[in-house]
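Okay, structure first, notes after.
What you are looking at is a predicted structure, and each value in this text was computed from that prediction instead of being measured. All heavy atoms count here, side chains included; hydrogens, waters and symmetry mates do not.
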Amino acid sequence: MDSTDLTVYHNKRISQHKVFAQLSARGKTSTGWFFGFKLHLLFNECGELLNVALTPGNVDDRKPVPQLFKRLFGKLFADRGYLSNALFKELLETFGIRPITKL
């Protein structure tokens, strides 16, 4: 599981464009600030796409995780951006999924 940013506008031109003004938002990734959306992708071990979520740029990476795992089981391999105690307990109790991340 991972996410990537989908930049809609360059930061200098946010006020000039109004196409996605109500849907997109300013967010930050490890590479810097952007204005647009975050695309969350969930793959299995064979590289097959299992689920997709599109959120505004300012939404926390952990928020769409429960909706991505409906009707799924197994283990979750993700980066540390998806790690929290509350999310770990929710995934384990609700879906039986154990998140695994690098220390």
Looking at [X] and [Y], what are the two nearest heavy atoms and their distance?
{"X": "Lys38", "Y": "Lys28", "value": "NZ-O, 4.3 Å"}
{"X": "Ser24", "Y": "Phe35", "value": "OG-CE2, 3.1 Å"}
{"X": "Trp33", "Y": "Arg26", "value": "CE3-CG, 3.8 Å"}

**Prompt:** Between Phe88 and Phe69, is there a shared hydrophobic cluster once you connect ILVMFWY residues whose side-chain heavy atoms come closer than 4.5 Å?
**Reply:** no
**Prompt:** Would a hydrophobic clustering, with Ile, Leu, Val, Met, Phe, Trp and Tyr connected at side-chain separations under 4.5 Å, put Leu92 with Ile97?
**Reply:**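 In one cluster: no.
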Distance from [X] atom [atom1] to [Y] atom [atom2], nearest 0.5 Å?
{"X": "Asp60", "Y": "Leu87", "atom1": "CG", "atom2": "CG", "answer": "9.0 Å"}
{"X": "Phe77", "Y": "Met1", "atom1": "CZ", "atom2": "CE", "answer": "14.0 Å"}
{"X": "Leu39", "Y": "Leu41", "atom1": "CG", "atom2": "CG", "answer": "4.0 Å"}

**Request:** Kindly write out the residues that satisfy side chain to side chain donor-acceptor pair (under 3.5 Å) with Glu93, not counting sequence neighbours, or none if the list is empty.
**Result:**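 So Glu93 forms no side chain to side chain donor-acceptor pair (under 3.5 Å) with any residue.
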**Message:** List the residues meeting side-chain contact (heavy atoms from CB on, under 4.5 Å) with Thr7, not counting sequence neighbours, and say none if there are none.
**Reply:**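 Checked Thr7 against side-chain contact (heavy atoms from CB on, under 4.5 Å); matches are Asp5, Phe34.
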**Prompt:** Step by step, would you call Val8 with Phe37 a side chain to side chain contact (heavy atoms under 4.5 Å, CB included)?
**Reply:** CA-CA 8 Å; Val8 177; Phe37 302 99; 3.6 Å; yes
Would you tabulate the side-chain donor-acceptor contacts of residues 46-59 under 3.5 Å, counting partners in other chains and residues two or more places apart, or write 'none'?
| unit_1 | atom_1 | unit_2 | atom_2 | d |
| --- | --- | --- | --- | --- |
| Glu48 | OE1 | Asn44 | ND2 | 2.8 |
| Asn51 | ND2 | Leu68 | O | 3.0 |
| Thr55 | OG1 | His40 | NE2 | 3.1 |

